[in-house]
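Note sheet for the following structure.
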Amino acid sequence: MTKDSMTAALSPMQVRKEWAALMRKASGQSIGSEVALVGTFTLDPVTPYLGRELHRLTGKIPQIEMGPYDQILQTCFDWKNTLSARNDTIVLFWRIEDFLRSEMLNGLRAEDGGFDHAKTRIDELAAAVAHLRQEFSGSIIVTTPPFPHGPDLDIRNLANVTLAGSLHRQILQHWTEAIGQIKNIDFLDLDGLQRHAGISDSLDARKWYLYRQPFSEPFWQDIGMALASLIASQKIAPKKCVVLDCDNTLWGGIVGEDGIGGIAIGDDFPGSVYRDFQQQLLTLYSQGVMLALCSKNNEADVWEIFDNHDRMLLKREHISAHRINWQDKPSNIVEIADELNIGVDSMVFVDDSPIEITHVQEALPSVETIIVPQETAKFPAVFSSFRALDRLSVTSEDRMRNQMMTQERQRREIATKVVSKEDFILSLELKVEVFPVSASTVERVTQLINKTNQFNLTTRRCDLNEVNDMLQSDSELVLAMRVQDRFGDYGIVGVAIISFQKKHAHIDSFLMSCRVLGRNVEDCFLSAIASAAKERGATQITGSYIASAKNHQVANFYSDRGFCKQDNERWKAKLDDLALWPEHVRGGLITDASS
């Protein structure tokens, strides 16, 4: 059972009790997300489910505000007078039977302009959202409208395909296309959630008539958990690596006993289940998720399946690291994390053995675990319900990650052949480019800001809207660093946020991906920052270092580079005293933001 499924297994009453207990001690806790919910129906029942799940995901108790009932347009056009100014997220819920009821009925009754009138109203709502986007700097989430329900609208109607069903599809398409024209708006798929839950299980007619609360308690729980995952995903990085057992996980049977001809993998049950699971893994692989093997087996037996079984979808080249031996799995997982240069908290472990799952949970509690269910046919569905691998968007760097892992193995092979670290760095033929962040790179930069922990001097997090605001600010500069060598392109691997006040520049954030550690490219980055600061007329520069549980390796970053300590957090230097660009590295500062 995954941690996600354990949360879902809590009864609504248990969740409400936990949320009430959290609220009682909220005064002594650091505040997490501050979320405003606005809808065409009453949203109060979602609060404990959203709040409890956000606390589980982030470790902080959120503040949740209810906007005025059925005032969605008014709120978009005048949010400062209807909501608290402290909110960092606004969520807009709407349903067709609330917002477009007369238009829907006109369409069903073949009266003039049914869908045209609905389209006009949808455009009005989209325009209101666009206005809100201009006025509100935080995150905005809108829902997709589910199939409408009421005494005169039933999805079982024999003419549904051409009547209500057709109108619903047109409305849904027009709404998503209209919102797609507005930058930085996220969708909560309320329509998809209701289809997954089932219409009869998601609705509560009595509460709708009494309180204008249309949904059942279990469905409010589904909504709260999905919304919490969406909000948290904006500042919490998804998992980077799936660590896989082999026997009865990647295929049915035990290869050491059954041999290559006796394992189950193919088009017939149960082999079709494992083949579908491998399809899921290949999709994740295409999105940049690394795959690793951790199996108690003879290594030659496992690779024979990968190399010679004609129904295997996964191949050797898809595997970023492996530990196929008889050692304990927690130790092997730690070694895999070290090899891939990621934290164990970035890993998901999948195994069919409750004993192995329990061992990993106890030894490495930060590793998420998924156990293969005893009813094998449920395995793909269990895996697909795991939300910690979800990505709001997939960048070009994500899609290149596994190719980069192959290149990294080539670099390690070279490193074993050269005499010194200096010789190794010279052999790489590095090229480093530093440039202002633009619209084409802001998504990758935001991703780095929110997932980089080790080489990150302040670990300050910013969402996409906050970074976009910085790009428009005259007093802030956001720089990105791209690194290449003779083996390939690392992509964008560094971010710095610099604020300016008169002749003083301050480095608010300085971070780099673990992929380029040990190449001394941080000195190139700092040199480029100094050049950019001089171009803006600065003569002094300061930088912040804020210790975290994971960034101790950069505790001496500023002192090692000639900065003097100014206070507990800040270090100070003269720009002229900072090191020049290293001679052996090609590239430099590029002032054109379109690079």
Side-chain angles (χ1 to χ4, degrees), residues 31-41 43-44 46-47 50-51 54 58 60 62-94 99 121-145 175-190 223-224 226-236 392-393 437 439 442-443 445-447 449-450 460-476 478 497 499 508:
I31 298 300
S33 301
E34 299 184 66
V35 184
L37 307 180
V38 185
T40 60
F41 49 91
L43 291 159
D44 298 76
V46 81
T47 299
L50 171 61
L54 274 174
T58 67
K60 296 181 179 180
Q63 290 188 354
I64 302 171
E65 176 185 3
M66 291 294 152
Y69 167 73
D70 202 18
Q71 298 289 303
I72 195 168
L73 286 173
Q74 296 88 329
T75 300
C76 286
F77 283 113
D78 193 18
W79 74 273
K80 291 181 180 178
N81 285 325
T82 54
L83 300 174
S84 168
R86 69 174 183 268
N87 288 300
D88 50 41
T89 302
I90 296 176
V91 190
L92 306 174
F93 287 82
W94 70 283
F99 189 72
R121 287 282 283 160
I122 293 168
D123 289 340
E124 290 175 0
L125 183 54
V129 174
H131 179 83
L132 178 63
R133 176 70 290 161
Q134 291 178 339
E135 300 295 322
F136 178 66
S137 62
S139 298
I140 300 174
I141 298 170
V142 301
T143 61
T144 56
W175 170 244
T176 53
E177 289 177 351
I179 292 299
Q181 301 301 312
I182 309 169
K183 290 184 178 181
N184 306 329
I185 305 290
D186 292 315
F187 278 108
L188 174 68
D189 190 3
L190 194 58
I223 295 171
L227 181 55
S229 294
L230 179 55
I231 293 171
S233 71
Q234 296 171 344
K235 295 194 175 181
I236 297 176
L392 273 175
S393 60
V437 173
V442 67
E443 207 167 80
V445 163
T446 304
Q447 186 184 70
I449 289 171
N450 289 299
R460 290 183 175 128
R461 307 304 193 191
C462 305
D463 63 30
L464 184 61
N465 299 312
E466 291 169 323
V467 178
N468 274 313
D469 285 345
M470 292 179 204
L471 302 189
Q472 305 303 317
S473 172
D474 293 333
S475 62
E476 290 178 296
V478 185
I497 301 172
S499 58
D508 292 304

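A distance of 7.5 Å separates OG1 of Thr144 from CZ of Phe187, quoted to the nearest 0.5 Å. Taken to the nearest 0.5 Å, the CD atom of Gln447 stands 11.0 Å off from the CG atom of Leu464. Between Lys60 atom NZ and Glu34 atom CD the span is 11.0 Å, to the nearest 0.5 Å.
Residues satisfying the ring-ring contact (aromatic ring centres under 6.0 Å, His included) criterion with Phe93, sequence neighbours excluded, are absent altogether. Remark: Asn184 engages no residue in a side chain to side chain donor-acceptor pair (under 3.5 Å) (not counting sequence neighbours). Residues satisfying the side-chain contact (heavy atoms from CB on, under 4.5 Å) criterion with Ser499, sequence neighbours excluded, are Glu476, His506, Asp508. Under the rule for a side chain to side chain donor-acceptor pair (under 3.5 Å), the partners of Asn465 that lie at least two apart in sequence or sit in another chain are Arg133. Listed by chain and number, the residues in a side-chain contact (heavy atoms from CB on, under 4.5 Å) with Ala226 are Leu188, Leu193 (sequence neighbours excluded). In this structure Ser473 satisfies the side chain to side chain donor-acceptor pair (under 3.5 Å) test together with Ser475, sequence neighbours excluded. Scanning for side-chain contact (heavy atoms from CB on, under 4.5 Å) contacts around Asp78 gives Asn81, with sequence neighbours left out. Considering only residues two or more places apart in sequence or on other chains, Asp469 meets the side-chain contact (heavy atoms from CB on, under 4.5 Å) condition with Ser137. Taking the side chain to side chain donor-acceptor pair (under 3.5 Å) definition, one finds that Ser84 meets it with Arg86, sequence neighbours left out.
Closest non-hydrogen pair, Glu65 versus Leu83, comes out as OE2-CA, 3.5 Å. Smallest separation of non-hydrogen atoms from Thr58 and Ala232: CG2-CB, 4.2 Å. For the pair Ile449 and Arg461, the tightest heavy-atom approach, listed with the atom from each and the gap, is O-NH1, 2.7 Å.
Here salt bridge (Lys or Arg N to Asp or Glu O under 4.0 Å) pairs that include residues 178-190, with residues two or more places apart or in two chains, number zero.
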Working for side chain to side chain contact (heavy atoms under 4.5 Å, CB included), residues Leu227 and Val46
CA-CA 10 Å; Leu227 181 55; Val46 81; 5.7 Å; no
Assess whether side chain to side chain contact (heavy atoms under 4.5 Å, CB included) is satisfied between Asp44 and Leu37, documenting all intermediate values.
CA-CA 9 Å; Asp44 298 76; Leu37 307 180; over 6 Å; no
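Side-chain contact between Leu54 and Ile231 is present, with at least one heavy-atom pair separated by less than 4.5 Å. Looking only at side-chain heavy atoms (C-beta outward), Glu135 and His131 come within less than 4.5 Å of each other. You'll find the side chain of Val38 stays beyond 4.5 Å of the side chain of Trp79, heavy atoms only. Taking 4.5 Å as the limit, every side-chain heavy atom of Val467 sits out of range of all side-chain heavy atoms of Asp463. In this structure, the side chains of Val35 and Gln63 stay at 4.5 Å or more apart for every pair of heavy atoms. With a 4.5 Å cut-off on side-chain heavy atoms, Leu50 and Ile223 do not count as touching. No side-chain heavy atom of Val442 sits under 4.5 Å from any side-chain heavy atom of Val478. Looking only at side-chain heavy atoms (C-beta outward), Phe99 and Phe41 stay at 4.5 Å or farther from each other.
Under the 3.5 Å distance criterion, the side-chain polar atoms of Asp88 are left unmatched by any main-chain donor or acceptor of Gly138. Here the side chain of Trp175 pairs a donor or acceptor atom with the backbone of Thr143 at under 3.5 angstrom.
A side-chain contact (heavy atoms from CB on, under 4.5 Å) with Leu230 is found for one member of Thr89, Ile141, Val91 and no other, namely Ile141.
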For a quick test of your reading: what N or O donor-acceptor pairs under 3.5 Å do the side chains of residues 67-77 make, sequence neighbours left out?
{"residue": "Gln71", "atom": "OE1", "partner": "Gln74", "partner atom": "NE2", "Å": "3.1"}
{"residue": "Thr75", "atom": "OG1", "partner": "Gln71", "partner atom": "O", "Å": "2.8"}

